[in-house]
Amino acid sequence: MRIGVLALQGAVAEHIRSINSAGAEGISIKRVEQLESIDGLIIPGGESTTIGKLMRKYGFIDAIRDFSAGGKPLFGTCAGLIVLAKEIASGEEAHLGLMDIKVARNAFGRQRESFETKLVIKGIEEPIRAVFIRAPLILEVGKGVDVLSTYNEEIVTARQGNLLVASYHPELTDDYRLHQYFVEMVKEAALTEKL
Ligand code: GLN
């Protein structure tokens, strides 16, 4: 499986390393044409307004919407989660607007800007290590959204069909089981496509 990491801004190299550790091939994606050669795409953490602007500038908004409509999985982490959301609580314009979630940016406040914790994830046996950096929260989810984990009763991991999102940075630890989970989603989608 070839999995791309959108390389406009943010934590790209770490995701590629985690994908490779999870048994797939990680590729840095800088041009829309490259989307044709991959089976799944990760939108990394960074700064969502900047990533959104660059996506508009380089034609990624429509290209990624088409990619998703074709059944290929997307995984958004931290800023990537914000980019995938249908609604941003501050009233900012949504970016891809693909996933039926409402999110709040920088939702943990100054005291807890950055921290590491362990999270129990539905579908993964033991808790995973998660690094939160000025992280967003999921405030509301639509009917088709499956909540995969919470932190202090707030939703931080969720899935809707071929879309997976995490508020935190799973790529900043050597625990790559959430990437493995995504690789499985990509494998399943590739199989369905062949049927
Ligand atoms: N605070 C950033 C935003 O709102 C996200 C932070 C991150 O990706 N680590 O876009």
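Ligands are counted one by one from 1 in listed order, and the atoms in each one are counted from 1 as well. Quantities reported herein were computed from a predicted structural model and do not represent experimental measurements.
Inclusion of Asn106 in the set of residues having an N or O under 3.5 Å from an N or O of ligand 1 is warranted. The shortest N or O to N or O distance between Cys78 and ligand 1 is not under 3.5 Å. Polar contact with ligand 1: present for Ile133 (N/O pair, distance under 3.5 Å). In terms of polar-atom proximity, Gly45 is not counted as a contact of ligand 1, lacking any N or O under 3.5 Å from an N or O of the ligand.
Looking only at heavy atoms of the protein, atom 9 (N) of ligand 1 is closest to His169 NE2, 2.8 Å. The protein heavy-atom contact nearest to atom 2 (C) of ligand 1 is Gly46 O, 3.6 Å. Protein heavy atom at the shortest distance from atom 3 (C) of ligand 1 is Arg105 NH2, 3.4 Å.
Below 30°, between 30° and 60°, or above 60°: for Tyr151 and Phe108 the angle between ring planes is between 30° and 60°, a tilted geometry. Using the six-membered ring where Trp is involved, Phe132 and Tyr168 have ring planes that are tilted, between 30° and 60° apart.
Using a 4.0 Å cut-off between charged side-chain N and carboxylate O, Asp174 and Arg129 make a salt bridge. Contact check on Glu14 versus Arg17 returns no salt bridge, with no Lys/Arg side-chain nitrogen under 4.0 Å from an Asp/Glu carboxylate oxygen. In this structure, Arg105 pairs ionically with Glu92, as a charged nitrogen and a carboxylate oxygen lie closer than 4.0 Å. For the pair Lys122 and Asp146, the salt-bridge criterion is met [side-chain N within less than 4.0 Å of a carboxylate O].
Here Thr77 has no heavy atoms under 4.0 Å from ligand 1, in either its backbone or its side chain. Both the backbone and the side chain of Arg134 come within 4.0 Å of ligand 1, counting heavy atoms alone.
When each atom of ligand 1 is checked for a heavy atom of Ile82 under 4.0 Å away, the hits are 3 (C), 4 (O), 10 (O). For ligand 1, the atoms sitting less than 4.0 Å from at least one non-hydrogen atom of Glu47 are 10 (O), numbered in the order shown with element in parentheses. Counting atoms of ligand 1 from 1 in the listed order, those under 4.0 Å from a heavy atom of Ser48 are 3 (C), 4 (O), 10 (O).
With hydrogens and angles ignored, the 3.5 Å screen pairs a side-chain donor or acceptor of Arg56 with a backbone N or O of Gly52.
Follow the hydrophobic side-chain contacts under 4.5 Å out from Ile101 and you never reach Met185; the two are in separate clusters.
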